[in-house]
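Below: the structure, in structure tokens.
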Amino acid sequence: DKDRMIAVLGHDLRSPLTSVELWAAELLEALDAGPVDPDTARMMLRHVESATGRMQNFISDLLAYALARDQAPNPSHVELEDVLDAVVETTAVVEGVQPRVHYGDLPAVWCDPVLLPQVFDNLIGNARKYVDPGVVPDVRVEAEADDGWVRVRVVDNGIGIAPEDRERIFDTFERARATEYEGTGLGLAICRHIVERHGGTIAVTTPARTSGTQIELTLPATKETFAQGTGS
């Protein structure tokens with residue numbers, strides 16, 4: 001795992017770093033040759049800004065992955081609706097097409113209030129990203145309590161996940177349709193680590209409608225089921 005991570009780090013950070021280097025060198029060369037048209041300079045700096053943004057996102061995902069993998073949960077009573085409210089509010093400030101997120105009354109869970117929002121942030125973020133051009137992302141979150149556990153379904157109207165990819169996409173650095181959409185391949189791995197460290201499960205299941213993705217996860221509703229699921 002460490003060898004693979006080092007290889008991915010080298011590849012995924014080298015590309016945006018090379019872009020920064022090339023555009024910075026071109027801008028310096030243009031400045032040495034004389035006055036630079038402001039629109040041209042802005043275009044070059046936008047490329048630099050975009051590349052540094054990709055590096056920031058990758059590093060943020062790496063840090064979140066390390067936290068999800070290594071930090072022991074510190075669970076407490078958490079209202080799922082409050083988690084969704086916070087995630088949706090955060091998503092609203094991100095540039096680009098904003099997803100429509102629907103949820104009603106949701107049960108409470110016994111989870112880490114710091115780790116749990118990362119799960120829904122990644123799932124809603126994926127729904128926002130993996131849609132056909134021109135489609136407004138639409139996400140529905142449903143949940144019900146059952147024998148001390150809460151079963152949650154996150155359903156979107158995106159491009160969907162092929163049956164043969166439904167298990168491997170939860171592995172580190174794995175992505176479906178990786179050549180068509182940008183990403184680090186860490187989002188669902190982070191979700192899996194967080195859910196499993198709470199004693200729960202997460203999987204891609206077949207949605208009721210003909211398209212889109214449905215993620216189902218279980219989370220402990222009580223201190224007792226958390227202890228049972230984690231063996232603590």
**OP:** Report, as yes or no, whether the 6.0 Å neighbourhood of atom CD on Glu79 holds more than 12 heavy atoms from other residues, nucleotides or ligands.
**Re:** yes

Original post:
In terms of hydrophobic clusters joined by side-chain contacts under 4.5 Å, are Val114 and Val119 together?
Top reply: no

Subject >> Trace of the side chain to side chain contact (heavy atoms under 4.5 Å, CB included) decision for Gln228 with Glu224 >> reply: CA-CA 6 Å; Gln228 173 191 347; Glu224 291 73 24; over 6 Å; no

Original post:
Atom CZ in Arg128, atom CG in Asp156: separation rounded to 0.5 Å?
Top reply: 13.5 Å

Original post:
Met43 and Trp23: side chain to side chain contact (heavy atoms under 4.5 Å, CB included), yes or no, with the steps?
Top reply: CA-CA 10 Å; Met43 178 272 293; Trp23 283 110; 3.8 Å; yes

Subject >> Distance-minimising heavy-atom pair for Ile169 and Ile161 >> reply: CD1-CD1, 3.3 Å

Original post:
For the atom pair CE (Met44) and CG (Leu27), what is the distance rounded to the nearest 0.5 Å?
Top reply: 6.0 Å

**OP:** May I ask you to test the Arg168-Asp165 pair for a side-chain heavy-atom distance under 4.5 Å?
**Re:** yes

**OP:** Check whether any side-chain N or O of His198 sits under 3.5 Å from a backbone N or O of Asp112 as a donor-acceptor pair, and report yes or no.
**Re:** yes

Original post:
About how many Å separate CD of Glu216 and CD of Glu142, when rounded to the nearest 0.5 Å?
Top reply: 9.5 Å

Original post:
Is the number of heavy atoms from other residues, nucleotides or ligands under 6.0 Å of Glu29 CD greater than 12?
Top reply: no

**OP:** Is it possible for you to say whether Phe226 and Val195 belong to one hydrophobic cluster, with membership spreading through side-chain heavy-atom contacts below 4.5 Å?
**Re:** no

Original post:
Rounded to the nearest 0.5 Å, what separation is found between the CG atom of Leu217 and the CZ atom of Phe120?
Top reply: 5.5 Å

Original post:
Just how far is it from atom SG of Cys191 to atom CG of Leu115, taken to the nearest 0.5 Å?
Top reply: 11.5 Å

Subject >> side-chain contact (heavy atoms from CB on, under 4.5 Å), paired with Thr218, selected from Thr201, Thr225, Val152 >> reply: Thr201

Subject >> For the student: nearest non-hydrogen atoms of Glu81 and Leu106, plus distance >> reply: OE2-N, 2.9 Å

Original post:
Are there more than 12 heavy atoms of other residues, nucleotides or ligands under 6.0 Å from atom CG of Asp105?
Top reply: no

Original post:
Would you say the side chain of Thr90 lies within less than 4.5 Å of the side chain of Val87, judging by non-hydrogen atoms?
Top reply: no

Subject >> Step-by-step side chain to side chain contact (heavy atoms under 4.5 Å, CB included) determination, Val155 to Val139 >> reply: CA-CA 6 Å; Val155 189; Val139 187; over 6 Å; no

Subject >> For the student: nearest non-hydrogen atoms of Cys111 and Leu116, plus distance >> reply: CB-CD2, 4.0 Å

**OP:** Evaluate the side-chain proximity of Pro113 to Ser76: yes if any heavy-atom separation is below 4.5 Å, no if none is.
**Re:** yes

Subject >> Val131 to Ile159 - nearest heavy-atom pair and separation >> reply: C-CG2, 3.9 Å

Original post:
If only atom types and distance count, is the side chain of Asp37 paired as donor or acceptor with the main-chain N or O of Thr40 below 3.5 Å?
Top reply: yes

Original post:
Is the backbone N or O of Gln118 less than 3.5 Å from a side-chain atom of Asn122, with the two atoms forming a donor-acceptor pair by type?
Top reply: yes

Original post:
Heavy-atom distance under 4.5 Å between the side chains of Arg151 and Asp146, does that happen here?
Top reply: no

Subject >> Worked check of side chain to side chain contact (heavy atoms under 4.5 Å, CB included) between Gln98 and Thr91 >> reply: CA-CA 7 Å; Gln98 298 307 316; Thr91 305; 3.8 Å; yes

Original post:
Would you say Phe170 and Val154 are hydrophobically clustered, going by side-chain heavy atoms of ILVMFWY under 4.5 Å?
Top reply: yes

**OP:** State, yes or no, whether a side-chain contact exists between Arg100 and Val136 at a heavy-atom distance under 4.5 Å.
**Re:** yes

**OP:** Indicate the atoms forming the closest heavy-atom contact of Pro99 with Ile124, along with that distance.
**Re:** CG-CG2, 4.2 Å

Original post:
Would you say the side-chain atoms of Thr52 pair up with the backbone N or O of Val48, donor to acceptor, closer than 3.5 Å?
Top reply: yes

Original post:
Are more than 12 heavy atoms from other residues, nucleotides or ligands located less than 6.0 Å from atom CZ of Arg166?
Top reply: yes

Original post:
Is the CD atom of Glu144 crowded by more than 12 outside heavy atoms at less than 6.0 Å?
Top reply: yes

Subject >> Heavy-atom closest contact (Gly199 atom, Trp149 atom, distance) >> reply: O-CH2, 3.3 Å

Original post:
When rounded to the nearest 0.5 angstrom, what distance separates CG in Leu123 from CG in Leu188?
Top reply: 6.5 Å

